[in-house]
> 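Just passing along the structure, written as structure tokens.
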Amino acid sequence: MDILLIHQNFPGQFKHLAPALVRAGHRVTALTCRVKEAQVWNGVRVLPYKVHGASTRDIHPWLADFETKVLRGQSCHAAAVALKESGYAPDVICAHHGWGESLFLKDVWPGARLGLYCELYHLATPDFTAFDPEFAPRDPATDALRLRLKNLNNRLHAEIMDAGLSPTRFQAGTYPDDVRARITVAHDGIDTAVVRPDPGASLAVSDQLTLTRDDEVVTFINRNLEPYRGYHVFMRALPDILRSRPRAHVVLLGGEDTSYGAKPPQGRTWKQIFLDEVRPRIADADWARVHFLGRVPYDRYLSMLQVSSVHVYLTYPFVLSWSLLESMAAECAILASDTAPVREAITDGENGALTDFFDRGALVERLGALLDDPTRRADLGAAARRHVLDHYDLDTVCLPAQMAWVEGLAALDPRPPRD
């Protein structure tokens with residue numbers, strides 16, 4: 001088949017699927033604004049497109065997000081028309097539609113089957129919008145209206161989507177029933193041959209200090225350190241963690257931008273805001289055991305997981321982080337928030353420990369109990385890896401499911417551009 005992939009940050013979630021489609025004998029092309037020149041990546045022909053236009057100044061704030069998506073959709077449409085004029089006609093289009101690129105592709109190739117990577121549908125229920133009262137919207141009624149408009153992109157794509165793919169049941173479950181019925185759940189996959197325990201791992205956190213499995217190491221990872229991933233909860237627990245664990249080193253990984261949720265006040269970062277809040281409560285000698293690594297190469301990230309005594313993972317009800325499943329694959333003993341997306345991967349007491357997102361006292365207590373019980377930690381870590389091998393392994397579970405999804409997509413009668 002001729003398969004067209006659309007992703008603004010290609011390969012993104014198609015990192016493993018795209019080369020597998022090539023190996024299966026398909027002709028795979030990708031359209032992305034990430035590259036400037038045409039190139040070949042793992043057998044995939046990668047073609048650039050340029051986003052034209054800019055958001056309108058002083059546009060209504062509820063419409064700014066959708067206008068950005070329309071601009072991307074229009075630009076991708078122009079690139080698709082040029083491809084069609086060169087004689088190209090895909091049998092299947094697989095797109096991450098979150099940025100709007102695929103809005104108008106059915107208008108170019110109405111006979112192509114369109115499969116969408118369905119990452120999240122924005123819900124306006126209190127469980128989502130007011131989960132964390134500290135950062136709840138000031139006006140929930142108008143916030144619900146904003147989110148309804150934010151879902152315009154999702155709804156317009158639902159009209160033309162032949163089939164969808166979501167990495168977790170939680171994420172698929174955020175979509176309305178009429179869309180959910182067309183979504184297959186298959187995770188992107190964890191390469192467990194690469195992400196695995198290593199008793200000999202070490203992590204240099206400074207020129208003077210290298211941590212190993214013999215040390216007491218508490219780890220915490222965000223793509224960016226921010227409230228959506230519980231950074232504020234962890235930092236507020238940090239003084240008690242350091243006081244109660246005089247030998248523990250705490251290692252935090254993550255950038256200082258904002259990936260999700262509200263941005264911090266102008267000129268500040270969430271990292272610094274909560275660091276400043278708790279630092280007066282931490283003695284200098286204890287602060288020397290706290291190590292912020294920022295963003296690191298992948299091999300250093302893996303070493304961090306491999307030396308971890310307990311890995312803490314906190315999240316709002318939101319997209320599940322790859323880092324949780326990778327920490328499980330590395331046989332970490334995990335202490336995670338008792339929130340819906342986490343419960344899909346971790347059962348309390350079986351392959352990890354769960355704690356209330358907001359209960360800092362319970363977090364400190366459960367963390368201490370795990371650190372005091374190496375046998376329990378080893379059992380939980382081994383069970384966590386087994387769970388990933390059984391349900392999220394790239395080669396034996398996820399990639400075969402994704403390939404079957406593409407083949408099933410190709411067999412469908414394509415939906416027309418409009419109902």
> Go through Ser259 and Asn224 one step at a time and tell me if the side-chain hydrogen bond (donor to acceptor under 3.5 Å, both in side chains) criterion holds.
CA-CA 6 Å; Ser259 295; Asn224 284 299; 2.8 Å; yes

> Heavy atoms only: give me the nearest Val342-Ala336 pair and the separation to one decimal.
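Heavy atoms only, the tightest pair is CG1-CB, 3.7 Å.
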
> Can Asp177 and Arg180 be counted as an ion pair, charged N to O under 4.0 angstrom?
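No, Asp177 and Arg180 are not salt-bridged.
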
> Quick one: OG1 on Thr129 to OH on Tyr316, what's the gap to the nearest 0.5 Å?
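Those atoms lie 11.0 Å apart.
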
> Any chance the side chains of Gln8 and His96 put a donor and an acceptor closer than 3.5 Å?
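Judged by distance alone, the side chains do not pair up.
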
> Tell me whether the NZ or CZ atom of Lys271 lies within the 45° cone about the ring axis of Phe292 and under 6.0 Å from its centre.
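Because its charged atom sits under 6.0 Å from the ring centre and within 45° of the axis, Lys271 does stack over Phe292.
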
> Ring centroid separation for His232 and Phe135, is it under 6.0 angstrom?
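Here the rings of Phe135 and His232 have centres that are less than 6.0 Å from each other.
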
> Can a donor-acceptor pair be found, under 3.5 Å and without considering hydrogens, that links the side chain of Gln402 to the backbone of His187?
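Flag set: sc Gln402 to bb His187 pair under 3.5 Å.
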
> Under a 4.0 Å N-O cut-off, is there an ion pair linking Asp286 with Arg281?
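Salt bridge: no.
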
> Could you go through Asn222 and Tyr260, starting from their C-alpha distance and side-chain angles, then the distance that decides it, and tell me whether this counts as side-chain hydrogen bond (donor to acceptor under 3.5 Å, both in side chains)?
CA-CA 11 Å; Asn222 287 180; Tyr260 318 111; over 6 Å; no

> Can a salt bridge be assigned to the pair Asp284 and Arg279 using a cut-off of 4.0 Å between side-chain N and carboxylate O?
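Between Arg279 and Asp284 there is a salt bridge, with a charged N closer than 4.0 Å to a carboxylate O.
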
> Regarding Ser102 and His157, do their side chains bring together a donor and an acceptor under 3.5 Å, going by distance alone?
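Ser102 vs His157: donor-acceptor pair found between side chains.
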
> Taking Asp359 for its side chain and Ala362 for its backbone only, find out whether a donor-acceptor pair lies under 3.5 Å.
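Pair found, side chain donor or acceptor close to backbone of Ala362.
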
> About how many Å separate CD of Glu331 and CG of Asn351, when rounded to the nearest 0.5 Å?
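Going from the CG atom of Asn351 to the CD atom of Glu331 covers 12.0 Å.
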
> Does the pair Arg57/Glu67 count as a salt bridge with the N-to-O cut at 4.0 Å?
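The answer is no: the pair does not qualify as a salt bridge.
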
> Aromatic ring centroids of Tyr121 and Phe128 under 6.0 Å?
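Aromatic pair excluded; centres sit 6.0 Å or further apart.
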
> Before we go on, tell me: are the rings of Phe234 and Tyr231 under 6.0 Å apart, centre to centre?
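So the answer is no for these two rings.
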
> Nearest 0.5 angstrom please: Tyr313 OH to Thr339 OG1, how far?
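Spacing of OH (Tyr313) from OG1 (Thr339) equals 7.0 Å.
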
> Calculate, to the nearest 0.5 Å, the distance between atoms CZ and CZ belonging to Arg295 and Arg300 respectively.
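Separation between the atoms: 15.5 Å.
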
> Decide yes or no for Ile221 and Met304: does some side-chain heavy atom of the first lie under 4.5 Å from some side-chain heavy atom of the second?
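With C-beta onward as the side chain, the pair touches.
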
> For the pair Phe131 and Phe357, name the ring-plane relationship: parallel under 30°, tilted 30 to 60°, perpendicular over 60°.
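Rings of Phe131 and Phe357: perpendicular, over 60°.
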
> If I take atom OH from residue Tyr392 and atom CG from residue Asp188, how far apart are they, to the nearest 0.5 angstrom?
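The OH atom of Tyr392 sits 11.5 Å away from the CG atom of Asp188.
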
> Using only atom types and a distance under 3.5 Å, with no angle test, would you say the side chain of His311 pairs donor to acceptor with the backbone of Ile334?
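The answer is no, because no donor-acceptor pair under 3.5 Å joins these two groups.
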
> Enter the distance from Ser337:OG to Arg343:CZ here, rounded to the nearest 0.5 Å.
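With rounding to 0.5 Å, OG (Ser337) is 9.0 Å from CZ (Arg343).
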
> Kindly determine whether Arg229 and Ser321 satisfy side-chain hydrogen bond (donor to acceptor under 3.5 Å, both in side chains), including the steps that lead there.
CA-CA 9 Å; Arg229 297 305 194 193; Ser321 305; 3.3 Å; yes

> So that I can tick it off, tell me whether Arg243 and Asp240 are bridged by a salt bridge, with the cut-off set at under 4.0 angstrom between side-chain N and carboxylate O.
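Counted as a salt bridge, because a side-chain N and a carboxylate O are separated by less than 4.0 Å.
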
> Could you tell me whether Asp276 and Arg268 have a side-chain N and a carboxylate O separated by less than 4.0 Å?
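Salt bridge: yes.
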
> Considering only heavy atoms from C-beta outward, does the side chain of Pro176 approach that of Arg155 to under 4.5 Å?
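Contact flag for Pro176/Arg155 side chains = yes.
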
> Are any side-chain N or O atoms of Thr269 and backbone N or O atoms of Gln272, one a donor and one an acceptor, separated by less than 3.5 Å?
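Yes, because the side chain of Thr269 sits within donor-acceptor range (under 3.5 Å) of the backbone of Gln272.
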
> For Glu101, which of Arg34, Lys69, Arg72 qualifies under salt bridge (charged side-chain N to carboxylate O under 4.0 Å, His left out)?
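Running salt bridge (charged side-chain N to carboxylate O under 4.0 Å, His left out) over Arg34, Lys69, Arg72 with Glu101 returns exactly one hit, Arg72.
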
> Counting distance only, does the side-chain N/O of Asp215 pair as donor-acceptor with the main-chain N or O of Thr212 below 3.5 Å?
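Side chain of Asp215 to backbone of Thr212, a donor-acceptor pair under 3.5 Å: yes, one is there.
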
